[in-house]
Amino acid sequence: MSNNLTPVVNFLTRLSNATLWLAGTGLVLMTVFVAWQVFCRYVLNDSPSWTEPGSVMLMSWFIFLGAAVGIRENNHLGFDVLLYVLPKSGKRVLRMISDVVILAFGAGMIWYGGALMSLTWNTTLPSLGISGAFDYLPLAGGGVLAVIFALERIVLRLAGEPIDDALDEILPAEIAVEIENINADPNVKLKV
């Protein structure tokens, strides 16, 4: 990796790890909130009003934060059947297009999430006592991270870094299973 890019990539790695930990913490907290809600409802017969909206807000956070980390680690959803039949240069072009689309989608999340936040800034969520804008903050925050991580992939690819080499070595699961089945037959040997 280029020495000029190393500090930035290291920072983004730390940001990605912190984001993943934050998302995981949100998932655990949401589980605790839901468990508390169930305990209070069925054991104490007195359900707290803050647990359901708090859980939904935490769910928004860990979904959008986790999706952003998935973008950085290239674990996002994609239609990659065509990638398995194209030469390396074609794969690079399609992956670049995918990252540009992700960047644009993240920008849309920022734009529309910010608009929703501004519309609900002066409202109050009654059960939590906080601004209604906090309902849409995960959308904008996840968009910021999606843009940053997609931009990182685009810059690294344009700088000639081999960020896609590991992906090119991965076989789809279905093909791997078929190869195992073929190799299990003593009369046929296929090497990949």
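Side-chain atoms are counted along with the backbone in the values below, which use heavy atoms only and exclude waters and symmetry mates. When a residue number appears, it is its place in the shown sequence, counting from 1.
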| task | List for me each residue that meets ring pair (Phe, Tyr, Trp, His ring centres under 6.0 Å) alongside Phe39, sequence neighbours excluded, and say none if there are none. | result | Trp36
| field | Verify same cluster id: Phe62, Trp21 (apolar side-chain graph, 4.5 Å) | value | no
| Gap between atom CG of Asp135 and atom CE of Met57 - 0.5 Å precision | 4.5 Å
| remark: Note: Gly66 and Ala23 closest approach over all heavy atoms is N-CB, 4.1 Å
| message | When you group the ILVMFWY residues by side-chain heavy-atom contacts below 4.5 Å and let the links chain together, are Val144 and Leu116 in the same group? | response | yes
| request: Supply the atom-to-atom distance Asp46 CG to Arg41 CZ, rounded to the nearest 0.5 angstrom. | output: 11.5 Å
| said: For Ser118 versus Ala115, what's the shortest heavy-atom pair and its separation? | reply: OG-O, 2.8 Å
| remark: Separation between CZ (Arg153) and CD (Glu161), nearest 0.5 Å, reads 12.5 Å
| task | Please name the residue in the list Leu137, Thr25, Leu27 that meets the side chain to side chain contact (heavy atoms under 4.5 Å, CB included) test with Trp61. | result | Leu137
| query | Can you hop from Ile130 to Leu29 via hydrophobic side chains spaced under 4.5 Å? | reply | yes
| note | Shortest non-hydrogen pair, Ser55 vs Val34, comes out as OG-CG2, 3.6 Å
| field | Distance in Å, Cys40 SG paired with Tyr42 OH, rounded so as to fall on 0.5 Å steps | value | 12.5 Å
| remark: Applying side-chain hydrogen bond (donor to acceptor under 3.5 Å, both in side chains) to Thr13 and not counting sequence neighbours gives Arg72
| What is the distance from atom OG1 of Thr51 to atom CG of Leu58, rounded to the nearest 0.5 Å? | 11.0 Å
| message | Looking at every non-hydrogen atom in both residues, tell me the closest pair between Ser49 and Ser127 and how far apart they are. | response | O-CB, 3.4 Å
| request: Working to the nearest 0.5 Å, report the span between CE of Met30 and OG of Ser60. | output: 10.5 Å
| Sole residue of Ile102, Leu103, Ile71 in side chain to side chain contact (heavy atoms under 4.5 Å, CB included) with Val147 | Leu103
| Is there a side chain to side chain contact (heavy atoms under 4.5 Å, CB included) between Tyr136 and Tyr112 once you walk through the steps? | CA-CA 9 Å; Tyr136 302 104; Tyr112 290 107; over 6 Å; no
| note | Residues passing the side-chain hydrogen bond (donor to acceptor under 3.5 Å, both in side chains) test with Arg157, sequence neighbours excluded, are Asp99, Asp164
| request: Please check if the side chain of Thr19 supplies one atom and the backbone of Leu15 the other of a donor-acceptor pair under 3.5 Å. | output: yes
| said: So which atom in Leu139 and which in Met109 form the shortest heavy-atom distance, rounded to 0.1 Å? | reply: O-CE, 3.5 Å
| message | I need the minimum non-hydrogen distance between Gln37 and Ser47, along with the two atoms involved. | response | NE2-OG, 2.6 Å
| ILVMFWY network linking Val100 to Ile110, side-chain heavy atoms under 4.5 angstrom | yes
| message | Do Phe11 and Ile154 sit in one hydrophobic cluster, given that two such residues count as connected whenever their side-chain heavy atoms are within less than 4.5 Å of each other, even indirectly? | response | yes
